[in-house]
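One structure is given below, encoded as structure tokens.
Letters go in sequence order (proteins before strands), and every chain restarts at 1. Treat the numbers as computed from the prediction; the structure is a model and nothing was measured.
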Amino acid sequence: MSQRRILVTSALPYANGSIHIGHLVEYLQTDFWVRFQKLRGHECRYMCADDTHGTAIMIRAKQEGRSEEELIAAVQAEHEQDFADFGIEFDNYSSTNSPENRELCNEIWESIRQAGLVKEKNVEQLFDPEAGTFLADRFVKGTCPKCNSPDQYGDNCDKCGATYSPAELIDPVSTLSGATPEVRNALHLFIELEQLHGFLDEWTQSGDALQPEIANYLKGHFLESKDDQGEIEPLRDWDISRPAPYFGFEIPDSPGNYWYVWFDAPIGYIASTKQWCDRTGGNLNDWWRNDDCEVHHFLGKDITYFHTLFWPGMLKTAGYSLPTKVHIHGFLTVDGEKMSKSKGTFVNARTYLKQLDPAYLRYFYASKLSNKVDDIDLSIEEFIAKVNTDLVGKVVNLASRSAKFLAKTGLSEKYPDDGGLFEYASNLGDEIAVAYESCNYSQAMRLIMSLADRANPFVEDNKPWELRKDPENAQRLQDVCTIALNLFRQLAIYLAPVLPKLAEQTGELLGEPITHWDQAAKPQVGTPVNKFKHMLQRIEETKVNAMIEESKEENVAEAATEQVTVTDAWADGGEALANEPLAEECTIDDFMKVDLRVARIVEAAEVPDARKLLKLKLSLGGGVYKQVFAGIKAAYEPEKLTGRLVVCVANLKPRQMKFGLSEGMVAAAGPGGGEVYLLTPDEGAKPGQRLH
RNA sequence: GGCGGUGUAGCUCAGUCGGUUAGAGCAGCGGAAUCAUAAUCCGCGUGUCGGGGGUUCGAAUCCCUCCACCGCUACCA
């Protein structure tokens, strides 16, 4: 097979937080792939970097009273250590705040300018005078200009779905400082992506760079997205600048403006490669401007469109290689649910490492991952069972039960007749390789385990423990164990991309390092066997539980540092308040505008076709009723609501909804979905009474 | 509502360019073994392959339709 040149990247982790087991789904699968390619003898290089720019970093640095540079340096050191300890091996790990990246941003920007893709527009943006910064949409909250719902983010209303600019919000508030933002006009630079529409159609819809479901998604949502008239909508201009102050690179030909973090982040892939080339004497063009070099990106489904529309557009315009393949993966769930801080399933990489061997997670992820965009689930119970059964029970056990019989004699001089076992496993190598190549790791693991399932019965049938009782059987004993150990070695080679440590230990046991996939095709014979040492401990459930507990505690500690003064006996967490900061001060008159009344639910019914709504008939007493649609279906059953008292906003302007007229609101707390909590007045309150 | 996905043994899933009695691992039950990190081996599955209809000599596999769940999107709280 001819040697391929392959450049691989994982998405750049943001320098605003720790690496957790969700991130690792990506870095581990990329590492498997890179190690596989290297083991196959290809020239494969794995590039990554910390993504360091943007408002969030700027704000956090300010909060922590240190410079952005200090912050990102500290976080990067932590990231690199976490990755290294999980066995993730980058050829270069850089930072988007590097001179190489600045230089490449300049160059690519110049190309985009020359191609006539840049246009300037004035944008009204809110500015926080207290924090001294422009506010991204999500840092502004206020009342929706369309439906008057309070507490809406700056880009669209959760309640009525209207989209608007933050400047249109009524009574906007900065979530950073609580100050009232000022509207300021600022010049922004845009890339007219529409000019590349034809290219993107072509690139995304033909060729095999994208998984089919991704190509389809892009087609449906962007490339052939239709407007009301059924016309294909143009691709929207991409706002790629932010006015000062902003932590990032200043745009050379537009002083006072900085590149938006999503402009310079992917360029970090190239910059990291450049850094590596400079360090090792390579030539960047061999990797990024070379049809004979493959470029593979691994990333999560949340950042699909940056990498499948903007990024190829930028590369194309600047004359760099287009991605050969964009490998998009799903998210991690734990026991079937989103990772949860309060449940302790939001596990940081470091917390995991304190209790468990990284090999466990590497193998478990490998056994779950396919080349689909599907989410994968880490079931704690399955995790423990699978790792212990497969790795300890089947694989390592093979060495453990045969190696010690060879300590004195070493491996037989000639590979004995094993009834075709070794050859069978050797022949299966191609199929396993195809599975690895296509990122179908779960299939690769299945195939490998099927070999372990053939090897163990061999040992069973040939009973080395009986052979050793009679010196006359010495040769047979050596032969049987030579076979068992060679079958084990094949497994270790096939598993090497996933379990590099095991491969290393196997190399040490047999005195010959595992460096190439093809070693699995030829038995090792006539060499000494070192003393067998345990290669992998089984997972203890107590350690897993300790990890979960510690993750819970970290969450509490984190919440405590955010809310410094928790002095009451209940010590309620500050999460809810932090998620939804207090609204702007209002007067008693403002409050009196809202007429809150005690009401009784006299009827409650499901609304067919509505996913979240219940239809309520509220009585204010005296025969006065209001019909209200409330989004509480997920939390309450209609039968249980009938008869109970609630608090309602009685003078809310009626709103015509799809299912009928809604004449008020029912007061409830909670983040939504299944977590909605209706308010109930204390006993004695009567329908119709006003709240003061 | 739109787009997409999924639905196969208690659990996790494989199998699907139509073709012998539908598979594996785990769990469970029974037995064996005791070299090995209480690891291993042998045996045990009457599963409406989500429901219904169709095409076909033949469908888990193709087509239609319905249902359930998930994701995105819209509408909506």
Side-chain angles (χ1 to χ4, degrees), chain A residues 144 147 149 152 156-163 211-222 224-226 301-302 304-305 330-331 333 336 364 367-368 370 372-379 381-405 440 442-443 445-447 449-450 452-453 455-469 477 480-481 484 488 532-540 607 609-614 628-635 655-659 662 665-666 668 670-673 676:
Chain A
C144 169
C147 73
S149 302
Q152 296 306 312
N156 69 73
C157 173
D158 261 354
K159 312 260 176 192
C160 70
T163 54
Q211 290 131 299
E213 56 265 54
I214 297 295
N216 210 344
Y217 160 78
L218 294 173
K219 188 172 160 183
H221 287 96
F222 301 100
E224 292 183 20
S225 167
K226 306 273 174 60
K301 62 183 180 183
D302 53 329
T304 294
Y305 89 134
F331 298 145
T333 57
F364 186 79
S367 77
K368 284 278 164 184
S370 72
K372 303 261 179 63
V373 190
D374 301 344
D375 292 351
I376 65 164
D377 184 51
L378 193 166
S379 146
E381 208 173 309
E382 192 190 352
F383 171 64
I384 297 171
K386 198 169 196 77
V387 169
N388 286 347
T389 303
D390 290 358
L391 292 187
V392 181
K394 290 180 180 172
V395 177
V396 175
N397 187 37
L398 211 50
S400 173
R401 66 198 308 204
S402 58
K404 71 173 196 179
F405 296 124
N440 208 339
S442 59
Q443 194 185 6
M445 295 307 109
R446 258 197 313 282
L447 290 168
M449 284 311 138
S450 76
D453 285 336
N456 274 305
F458 170 82
V459 177
E460 203 75 16
D461 293 342
N462 288 280
K463 303 182 176 29
W465 55 94
E466 285 185 9
L467 293 174
R468 70 159 176 174
K469 288 176 186 165
L477 175 65
V480 166
C481 292
F488 166 74
F532 180 77
K533 287 183 270 187
H534 276 194
M535 293 175 161
L536 198 67
Q537 303 301 316
R538 33 185 54 241
I539 301 185
E540 291 169 45
V607 182
D609 301 334
R611 245 184 4 194
K612 302 178 184 174
L613 298 179
L614 290 183
V628 169
F629 288 90
I632 57 174
K633 185 172 175 179
R655 178 167 176 79
Q656 184 59 47
M657 295 171 55
K658 189 169 165 188
F659 311 105
S662 189
M665 267 175 79
V666 177
V676 177

Quick check for you: among [options], whose closest atom lies nearest to any side-chain atom of [X]?
X        : options             : answer
A:Met665 : B:A77, B:C41, B:C72 : B:A77
A:Leu536 : B:U37, B:C35, B:C41 : B:U37
A:His221 : B:G2, B:C35, B:A77  : B:G2

For [X], answer base if it contacts any base atom (sugar-phosphate contacts may also be present), sugar-phosphate if it contacts only those atoms, and nothing otherwise; contact means non-hydrogen atoms under 4.0 Å.
X        : answer
A:Met535 : base
A:Lys372 : nothing
A:Val396 : base

Identity of whatever pairs with [N] - Watson-Crick or G-U, under 3.5 angstrom:
N     : value
B:G47 : none
B:A60 : none
B:G30 : B:C42
B:C72 : B:G2

How many whole angstroms separate atom CG of A:Leu218 from atom P of B:G71?
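Those two atoms, CG and P, are 20 Å apart.
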Pick the nucleotide of RNA chain B nearest each of A:Lys301 and A:Asp390; which residue has the one closer to the 5' end?
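On the 5' side of the pair lies A:Asp390.
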Which is more 5' along RNA chain B, the nucleotide nearest A:Trp465 or the one nearest A:Lys394? Just name the residue.
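Closest to the 5' end, via its nearest nucleotide, is A:Lys394.
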Would one find more than 12 heavy atoms of other residues, nucleotides or ligands at under 6.0 Å from atom CD of A:Glu466?
yes
Quick check on A:Lys372: does its NZ atom have over 12 non-hydrogen neighbours (other residues, nucleotides or ligands) under 6.0 Å away?
no
Could you tell me whether A:Lys368 and A:Asp377 have a side-chain N and a carboxylate O separated by less than 4.0 Å?
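Salt bridge absent between A:Lys368 and A:Asp377.
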